[in-house]
Amino acid sequence: MIVELMKHKININLIYEIKNLNKYKSSGLYEYEIISTKDIYTLDELIPFKINENKKLYKKDNIIIQEQLDSGNVIGYIEYIDKLVKIYLLKDDANTEYLLSQYAIDYLICKYFGGILFHSSIVIKDDICVAFTAPSGTGKSTMRRKWCQNGAICINDDKNALILENDNLVVYPTPWSGKHHLDNNIFHKLDAIVFLSQARNNEFYEIKLADAFKKILQQIDLAYDYNKDLWNRIVDKMLELKLYSYGCNLKMEAFDKLYERIVNDYANK
Amino acid sequence: MIMPISKGFILKHVGNEYMIIPTNETNVKLDTIYNINESAAYIYEKLCEGLNAKQIANKMCVVYVADPMELETDILEFIGELKKRGIYYD
């Protein structure tokens, strides 16, 4: 299926369905391609240039090959061939393909689309665009739900693309939207980031810029060799936004207090 | 010229902190972030420009009004730490 994401046309041809891909359906010529196959992949006798606990990276001519591991077992390979990303699915299930295809779109965003992926749930309410970020399980989606119950629209509940456009950070959705499959084909300039934590009472904490930076680092990919300058500019832009560290009980009163604070700050901007 | 500083890291200045951060990782481990002070950041930048410890010491002694020999010793100690962390190679 040819889709348009972040103003780029991509042919995404996967074995399993990504639930909301249809929302981004397009037609015509495409420049980028993500394809998936169950073909057997033979890794020549290459030496990895990068190893971490769940992947190994190899280089063959100008192709980067990613060997994806799960508990030490190879579950698939990804070949990054310029604007084509080819997934070889060894572990034949939808979740594995979802994970590997997420790496594929991440690569295209970072290398060609001028952005990064941000693990966050992002909503728009009254023309204010707010990102909730926190380690998984903290309550990003719960907070998003409270906002949506009060009229907000969610751009993406899990993986948002942040693209630098005319010196603004613009949030674009991706169809990779986590377990709730919630994403809408809309984009908006990002205004604020809320670092959520769970607390008995709803309270804002002071946050130093360096601490905010470390929290952001845990929710984005680090810079790659090919996007260091852009990555730096995007991260700096994120740190220029309104930043909130908010401990909350995730009840409706937590929404009320946060919304009131953000609206006040926005009005006084 | 082969640079002894690894290209797999970047120096980031945020607020009043300086950090050397790895690149090409999808998940950061906070213990891989190396917090350094302003002087160390200056040394790191000069190492990235290809200067050696002696050359950096000669530059720094003008600014810091310090003995270049002592500065060179401190710089070599910092380089030792960078080596331990895989940021600098002989």
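This structure is a prediction, so every number in the text was calculated from the model and none was measured. Residue numbering restarts at 1 for every chain, and letters A, B, ... go by the order of the sequence lines.
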With rounding to the nearest 0.5 angstrom, report the [atom1] to [atom2] distance, [X] to [Y].
X         : Y         : atom1 : atom2 : answer
Thr32(B)  : Leu222(A) : OG1   : CG    : 7.0 Å
His13(B)  : Asp236(A) : NE2   : CG    : 10.5 Å
Lys214(A) : Ile33(B)  : NZ    : CD1   : 6.5 Å

Within the supplied structure, the quantity of interest is the number of heavy atoms (other residues, nucleotides, ligands) at a distance under 6.0 Å from [X] [atom1]; does it exceed 12?
X         : atom1 : answer
Lys189(A) : NZ    : yes
Lys59(A)  : NZ    : no
Leu30(B)  : CG    : yes
Glu38(B)  : CD    : no

If we only count heavy atoms from C-beta on, is the Thr23(B) to Asp225(A) side-chain gap below 4.5 Å? yes
Ignoring hydrogens and angles, state whether a donor on the side chain of Asn232(A) or Lys12(B) is under 3.5 Å from an acceptor on the partner side chain. yes
With a 4.5 angstrom heavy-atom cut-off, could you sort out which part of [X] is near chain B: side chain, backbone, both or neither?
X         : answer
Ile220(A) : backbone
Glu53(A)  : side chain
Leu239(A) : side chain

Bottom line for Asn35(B): the part with an atom under 4.5 Å from chain A's heavy atoms is side chain
Okay, Phe9(B) and chain A: the region with an atom under 4.5 Å from a heavy atom over there is backbone
Ala223(A) and Ile10(B) have their tightest heavy-atom pair at CB-CD1, 4.3 Å
Looking only at Tyr224(A), Tyr103(A), Phe213(A), most heavy-atom pairs under 4.5 Å shared with chain B are made by Phe213(A)
